[in-house]
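Have a look at this one before I ask anything.
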Amino acid sequence: MRLTDLPLHLPAYVDSIDWPALSLSEGQRLREFGLCEGASVEALHHGGLFGNGPIACKVGRMTIAMRRNHAAAVTVRTGPAEDAA
């Protein structure tokens, strides 16, 4: 599922990121925040009118705000981490 569809406060892991959908600077910014395949992520809050604005996300131990179109490029999965099995 896309990060935009992840229910609030449900821990998940980044499965894949559609890097070509992001500009080089947007992709670099997300990498600097620790957003990469396998990273733990949790949607904390949907901003804007009717929740259609930016998304506050917990990535690892950091909380970041992410534009909705950037979050749509991130595919997540719930459940245990793959390397924990």
- Query: Closest heavy-atom contact between V41 and L6?
  - Reply: O-CD2, 4.5 Å
- Nearest non-hydrogen partners of C36 and V14, listed with the distance: O-CB, 3.3 Å
- Item | Distance (rounded to the nearest 0.5 Å) between D15 CG and L3 CG | 12.5 Å
- Message: Can you confirm whether L10 sits close enough to L8 that some side-chain heavy atom of one is under 4.5 Å from a side-chain heavy atom of the other?
- Response: no
- Query: In the single-linkage hydrophobic clustering (I, L, V, M, F, W, Y; side-chain heavy atoms under 4.5 Å), do W19 and F33 co-cluster?
  - Reply: yes
- Note on the structure: The reported gap from OH in Y13 to CD in E42 (rounded to nearest 0.5 angstrom) is 11.0 Å
- Message: Do I17 and L35 make a side-chain contact, defined as non-hydrogen atoms from C-beta onward lying under 4.5 Å apart?
- Response: yes
- Item | Considering all heavy atoms, the nearest P11-H9 contact | CD-O, 3.4 Å
- Set of residues satisfying side chain to side chain contact (heavy atoms under 4.5 Å, CB included) with respect to S16, sequence neighbours excluded: T75
May I have the list of side-chain donor-acceptor pairs in residues 48-73 shorter than 3.5 Å, sequence neighbours left out?
{"unit_1": "R68", "atom_1": "NE", "unit_2": "N52", "atom_2": "O", "d": "3.4"}
{"unit_1": "R68", "atom_1": "NE", "unit_2": "G53", "atom_2": "O", "d": "3.4"}
{"unit_1": "R68", "atom_1": "NH2", "unit_2": "H46", "atom_2": "ND1", "d": "3.1"}
{"unit_1": "R68", "atom_1": "NH2", "unit_2": "G51", "atom_2": "O", "d": "2.4"}
{"unit_1": "H70", "atom_1": "NE2", "unit_2": "E26", "atom_2": "OE2", "d": "3.1"}

